Amino acid sequence: MADNEAFTYNGGKVEPGETQDIRYGISETYLGDPVRIPVTIINGEQPGPTVFLSAAAHGDELNGIEVVREVAYEWDLSDLAGTLVCMPVLNVPAFLAQQRYLPIYDRDLNRSFPGSETSTGAKRMAYRIYQNFIAPCDFGIDFHTSTRGRTNMLHVRADMSDPEVARLANAFGSHVIIDSTGSDGVLRTEASNRGTPAITVEMGEAHRFQRELIDEALAGVESVFAEYGLRTTSTVNWPGWRTVISRKNEKTWLRADSGGIVDMHHDRGALVHEGDRICTITNPFKDDNVTVVAPFTGLLVGVLENPVVYPGNPLCHLVELKDNVRRVVEREQSASPETPV
Ligand SMILES: [Zn+2]
């Protein structure tokens, strides 16, 4: 078999069989010091696809950091066919501040791709990341969590109308795929539109390492590696049941109509039936309780964690299930009622 090729970026080169840990400058601080992101490039001896794994584009979304680090440092990659570009912390300024957005003007790095050399600070950072480490890749996975105060069951977001993106999304083997093109400037959207098929994996809540979700995501990465032949030891994972939530499916963020303190009656991943009580909103005196019921039967993909709301704040993300999928989930959840899927 022919040897793999070297991976090159602006300022360096990683030969086949070589691993490099790089701190790559993408901007400068007020003091003129470099802002550098950690990048690990693992170039296998055997040829194969070049793949990026990235996390913390929102600086307080931590679960994905551990996924990327464990693939880079704890997996035996001696048989790797292809190249991995591992970026555990994309948004270093926001990570240092433990907040979602870039601290300067609260810019969203994940609305700034593919970036620009001459535009805002966020777009310049995005440009250096994109040109050097995303554009050279054949495909990639960007890890996120829910926004602060909420939590998600693990799911994939992908544009399923693009066959290459759909192949990647299916290979990850999650129960739930939300089919959407994504907003302008989102890493997976811009990469997919420019020849690097990409998916977002949403998992859990901000500011946490959640072991069971990290393990679930690692199984997804292993399954993707099997699908594309990066590792001979892996096999493609079938999750048992899967639902693709398309634009046609009913899905909604249920919002509070009154302010108060929220008693959530279900975990993320629970199946609720039409009319079931999802949560109760109470006042400090525990009178005038407002009960929020499910408007249709579906899966609670995301729920509130921080139990306080103003009117208009989201309570939960409910998605419709097809009848055959619903029956499988019902069987699964009645077999182990305490375990969120
Ligand atoms: Zn995010």
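Both backbone and side-chain heavy atoms feed into the values below; hydrogens, waters and symmetry mates do not. For ligands, and for the atoms within them, numbers begin at 1 and follow the listed sequence. These numbers come from a predicted model, not from an experiment.
- The Zn ion (ligand 1) sits nearest to atom ND1 when only the N, O or S atoms of His58 are considered.
- In this structure, a donor-acceptor pair under 3.5 Å is present between the side chains of Ser54 and Asp142.
- With salt bridges taken as basic N to acidic carboxylate O contacts below 4.0 Å, one links Glu66 and Arg69.
- By the 4.5 Å heavy-atom criterion applied to side chains, Val301 and Glu202 are not counted as neighbours.
- The angle that Glu61 OE2 and His144 ND1 make at the Zn ion (ligand 1), rounded to 10°, works out to 150°.
- Note on ring orientation: taking the six-membered ring where Trp is involved, the planes of His144 and His58 are perpendicular (angle over 60°, cut-offs 30° and 60°).
- Inclusion of Glu202 in the first shell of the Zn ion (ligand 1) is not supported: no N, O or S atom falls under 2.8 Å.
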